[in-house]
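Below: one structure, written as structure tokens.
When reading the values below, keep in mind they use all heavy atoms of this one structure, side chains included, and skip hydrogens, waters and symmetry mates. Proteins get letters first, then strands, A, B, ... in listed order; numbering begins at 1 in each.
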Number of protein chains: 2
Amino acid sequence: MLSITEENYLKALFRLTCEEVGKTDAGTNEIAAQLEVKPATASDMLRKLKEKKLIEYEKYGKSTLTRKGKKMAMEIVRKHRLWETFLYEKLGFTWDEVHEVAEQLEHIQSPKLIDRLNAFLGNPKYDPHGDLIPRADGEFKLVEKKTLNDIAEGETGMVVGVSDNSSEFLQYVDGLGIAINRPLKVISRKPFDAILEIEVKGKRSSISTRLADHIFISREIKKSTKA
Amino acid sequence: MLSITEENYLKALFRLTCEEVGKTDAGTNEIAAQLEVKPATASDMLRKLKEKKLIEYEKYGKSTLTRKGKKMAMEIVRKHRLWETFLYEKLGFTWDEVHEVAEQLEHIQSPKLIDRLNAFLGNPKYDPHGDLIPRADGEFKLVEKKTLNDIAEGETGMVVGVSDNSSEFLQYVDGLGIAINRPLKVISRKPFDAILEIEVKGKRSSISTRLADHIFISREIKKSTKA
DNA sequence: TAGCAAAGTTAGACTAATCTAACAAAAGTT
DNA sequence: AACTTTTGTTAGATTAGTCTAACTTTGCTA
Ligand SMILES: [Mn+2]
Ligand SMILES: [Mn+2]
Ligand SMILES: [Mn+2]
Ligand SMILES: [Mn+2]
């Protein structure tokens, strides 16, 4: 069985390679940064994970997950997102509070627990941040996300997620009325100043394109028609 | 913040001193046995916990929890039992499955989580094994338990708990129809053979007095302890 | 009360995970 | 091609938690 630390390395590599569009491998420094450890520490661990056949890695080279490593990483991400959904749906946690606790809960070892939790939540497809929950059978579609910057003036989109999970960010956008599954209209754009005016729940605000880039809109899933 | 290991030592000491009637302290070997480590290991840790003012301990002496240590131990036990209740009530785990997973869940750090979980479960007083759940304010009444061996022939009692949480034991008594909050009648006793005949849900079985000693009947408040 | 067994401690070794400092390789720039 | 910067590795130290083996203290019992 893997240690919590080893699990965290697999998860980090998964996020960097399988969940970033147009990326297929990751360097040692990048992995170290993701985990907030020094490159020397990550270097050691990568050698160890290679020995366990969980990653492909050669000295001075980039790393990728093996099939086995990817399967384990996805299980951890699945647990993380199911727990986030539980905290949000059942215990009334807010958008920005769930992540930190899920970081701990994702390491609980019990296949039965996660099965039952999934059923209890009604087989959810997305977590409270709009991220796809990997399925138990290992099925996982990478969802290409459109951001608020892709919405034209006068158009309305549905908020489906964010790419910044920091408390500061989540609280700020919450203050603007922005939340999952809420319609958001782009009133006007000021390209010269890199700002756009939006309306959510009848309330107007101005946000920078930098911030807009972290807000995902719509999803290639049709929700009004049928499931 | 305490490590998981330190938390486990506090919990072990709590169980050995505050939850055993007529015991007020515990020896190093006893603590080591409870945690399944060698006495040498426990000896080291006891010194460390004394330094942190969580226990009273002198070389070659017995150990007890300080007020601070007891408060922390009770919080862990509270978390353990709330999680057991969650697994049993909400996720349909059986009596014998909850303990192992709760051993992991009890170490999750989030006061808000445990508050919300408690509310979600409707402020339960007892866990699925009939053990009292310590309250958030540190209130904890020690429940003196009467065993099946204290019930006379022809009398009926209510099953309120067990003192053996092993899977083997729980599955066996489950097979006899024995469960929490279920009436149980003692039909006859055979002291010569150390056996008694019982009836649960209309079904008769014979069990040894050795086994009967692990089944708690009725519930009487005897002594109360304050944090 | 002297001796021995049980209970408890200390010393030394090991593993996992981390760090800093020094070094090596790869990549980028003139 | 030579130099520089970035990236990555190795060596050595540190901390937490564990073990075994050897030692010490306590306390029972003959
Ligand atoms: Mn983690
Ligand atoms: Mn999420
Ligand atoms: Mn534990
Ligand atoms: Mn219990």
Whole-Å distance separating the CD1 atom of A:I4 from the P atom of C:dT18: 11 Å
Does the distance from a Lys or Arg side-chain N to an Asp or Glu carboxylate O, for B:K71 and B:E75, drop under 4.0 Å? yes
Considering residues at least two apart in sequence or located in another chain, which fulfil the salt bridge (Lys or Arg N to Asp or Glu O under 4.0 Å) criterion with B:K38? none
For B:K52 and D:dT15, give me the distance from atom NZ to atom P, rounded to whole Å. 14 Å
For C:dT10, does OP1 or OP2 lie under 4.0 Å from any side-chain N or O of B:K59? yes
For the atom pair CG (A:L82) and CG (A:D127), what is the distance rounded to the nearest 0.5 Å? 9.0 Å
Give me, pair by pair, the N or O atoms of the protein and of nucleotides 2-7 of chain D that are less than 3.5 Å apart, along with how far apart they are.
none

From A:L121 atom CG to A:W83 atom CH2, the distance as rounded to the nearest 0.5 Å: 9.0 Å
Face-on cation placement of B:K70 at B:F14 ring, 6.0 Å and 45° thresholds: no
With rounding to the nearest 0.5 angstrom, report the OG to CD distance, B:S63 to B:E58. 9.5 Å
Value rounded to 0.5 Å, distance of CD1 in A:I55 from NZ in A:K68: 12.0 Å
Can the positive tip of B:K90 be found less than 6.0 Å from the middle of the six-membered ring of B:F120, inside 45° of the ring normal? yes
Of residues 36-47 of chain B, the positions that come close to DNA chain C - non-hydrogen atoms, cut-off under 4.0 Å: B:P39, B:A40, B:S43
Tell me: CG of A:L2 to P of C:dA16, nearest whole Å? 13 Å
Nearest whole angstrom, please: distance from the P of C:dG8 to the CD of B:E58. 14 Å
